[in-house]
Amino acid sequence: METDPQGTNQRIWHVVASIPQGRVSTYGDIARFAGLGRAARRVGWALRQLPSDTRVPWHRVINSAGKLSLPSTSDAGRLQRKRLEKEGVTVRSGDRIALATYRWIPGDTCR
DNA sequence: CATATGACGTCCT
DNA sequence: GAGGACGCCATAT
């Protein structure tokens with residue numbers, strides 16, 4: 001049951017879907033909250049498997065360095081930046097984001 | 001079964 | 001603050 005690999009992806013996607021608009025979270029925090037421990041890379045894997053027509057806000061997930069893990073030269077990278085700015089998240093030069101301002105921890109009811 | 005790779009994280013310099 | 005080394009988890013070959 002919980003051993004289903006697809007179930008794990010489903011769990012990860014569910015956590016990502018709970019990120020409020022205008023906020024961002026990190027791969028590590030999501031993995032931890034999903035019960036995956038330090039499998040931050042596992043989260044990246046799950047997001048990569050997402051279909052193009054997904055409703056999951058994958059663009060709100062960045063790395064602990066406060067930067068977009070997707071290359072700004074790729075279409076996905078540009079799309080991520082576009083959507084974030086559209087939600088009010090300021091993306092500075094070098095695809096950097098102020099984690100101190102926008103970071104959100106799963107389960108935290110306080111915005 | 002061993003190696004390499006990837007939308008990562010932490011520690012050290 | 002930036003960059004490199006090593007560790008962690010899963011998949012591909």
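This structure is a prediction, so every number in the text was calculated from the model and none was measured. So you know, we letter chains A, B, ... as the sequences are listed, proteins then strands, and number each from 1.
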Take atom [atom1] of [X] and atom [atom2] of [N], then tell me their distance rounded to the nearest Å.
| X | N | atom1 | atom2 | answer |
| --- | --- | --- | --- | --- |
| A:Tyr27 | C:dC9 | OH | C1' | 15 Å |
| A:Arg41 | C:dG7 | CZ | C1' | 10 Å |
| A:Leu99 | B:dC8 | CG | C1' | 13 Å |
| A:Arg42 | C:dA10 | CZ | P | 7 Å |
| A:Gln49 | C:dA12 | CD | C1' | 12 Å |
| A:Leu68 | B:dG6 | CG | C1' | 17 Å |
| A:Asn63 | C:dC8 | CG | P | 20 Å |
| A:Arg103 | B:dG9 | CZ | P | 9 Å |

What's A:Arg96 touching, base or sugar-phosphate or nothing? Going by heavy atoms closer than 4.0 Å.
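Sugar-phosphate, no base atom in range.
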
Q: Would you indicate whether the side-chain heavy atoms of A:Ile62 and A:Gln80 approach each other to under 4.5 Å?
A: yes

The nucleotide from B:dT5, B:dG9, B:dA7 with an atom nearest the side chain of A:Ala40 is B:dG9

Q) Choosing from B:dC8, C:dA2, B:dT5, which nucleotide comes nearest the side chain of A:Trp45? A)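 For A:Trp45, the side-chain atoms sit closest to B:dT5.
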
Would A:Arg23 and A:Glu87 pass as an ion pair if we require N to O under 4.0 Å?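 No, A:Arg23 and A:Glu87 are not salt-bridged.
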
Output yes when A:Asp29 and A:Arg32 qualify as a salt bridge under the 4.0 Å nitrogen-oxygen rule, no when they do not.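 Result for this pair is no, no salt bridge flagged.
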
*Should A:Arg48 be listed as having a side-chain N or O under 4.0 Å from OP1 or OP2 of B:dA7?*
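Checking B:dA7 against A:Arg48, a side-chain N or O does come within under 4.0 Å of OP1 or OP2.
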
**Prompt:** Taking OP1 and OP2 of B:dG9, is either one under 4.0 Å from a side-chain nitrogen or oxygen of A:Ser64?
**Reply:** yes

field: Heavy-atom neighbours of A:Arg81 CZ exceed 12 at 6.0 Å
entry: yes

